Amino acid sequence: MMDEQFKYELDRFGGNLDRWPPDLADAARRLLAVSPAAQALMDEMALIERTLSESEEPPPPGLAGRIFAAAFGADGDAENSKGLTAPPL
């Protein structure tokens, strides 16, 4: 495994290698043993996951609708021209 694939898999599966498919986890462990770049990516993921898990503040009202609108070109009320609506939180 190279650093780029590690970054891709890290984004897919997260920072807990126990949750990765076994063959990918083994390759990631080997890479982490020799790659400072992979180690830095893992440290960054650990910080992100820790920060997210410690958050006690609920998201602001309407956040899901705004994200949906931005992603799918809706008009801001979480409903676009195709009649799609944002999923409930």
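No hydrogens, no waters, no symmetry mates; every other heavy atom, side chains included, goes into these values. This one's a predicted model, so the numbers in the text were calculated from it and none came from an experiment.
Other members of the cluster containing Leu10 are Met1, Phe6, Phe13, Leu17, Trp20, Leu24, Leu31, Leu32, Leu41, Met42, Met45, with ILVMFWY side chains joined at under 4.5 Å, either directly or via other members.
Here the closest heavy-atom approach between residue Arg66 and residue Pro60 is recorded as NH2-CG, 3.9 Å.
Legend: side-chain hydrogen bond (donor to acceptor under 3.5 Å, both in side chains) pairs involving residues 34-50, not counting sequence neighbours, sorted by first then second residue: Asp3-Ser35. Every pair tested for ring pair (Phe, Tyr, Trp, His ring centres under 6.0 Å) that includes a residue from residues 43-63 fails, sequence neighbours excluded, so the list is empty. Listed by first and then second residue, the ring pair (Phe, Tyr, Trp, His ring centres under 6.0 Å) pairs that reach into residues 30-59 come to none, sequence neighbours excluded. Evaluation of the ring pair (Phe, Tyr, Trp, His ring centres under 6.0 Å) test over residues 22-57, restricted to residues two or more places apart or in two chains, returns none. Applying the side-chain hydrogen bond (donor to acceptor under 3.5 Å, both in side chains) rule to pairs touching residues 22-34 yields Asp18-Arg29, sequence neighbours excluded.
Taking a cutoff of 4.0 Å between a charged side-chain nitrogen and a carboxylate oxygen, Arg12 and Glu9 qualify as a salt bridge.
Note that the CG atom of Leu63 and the CZ atom of Phe68 stand 13.5 Å from one another [nearest 0.5 Å].
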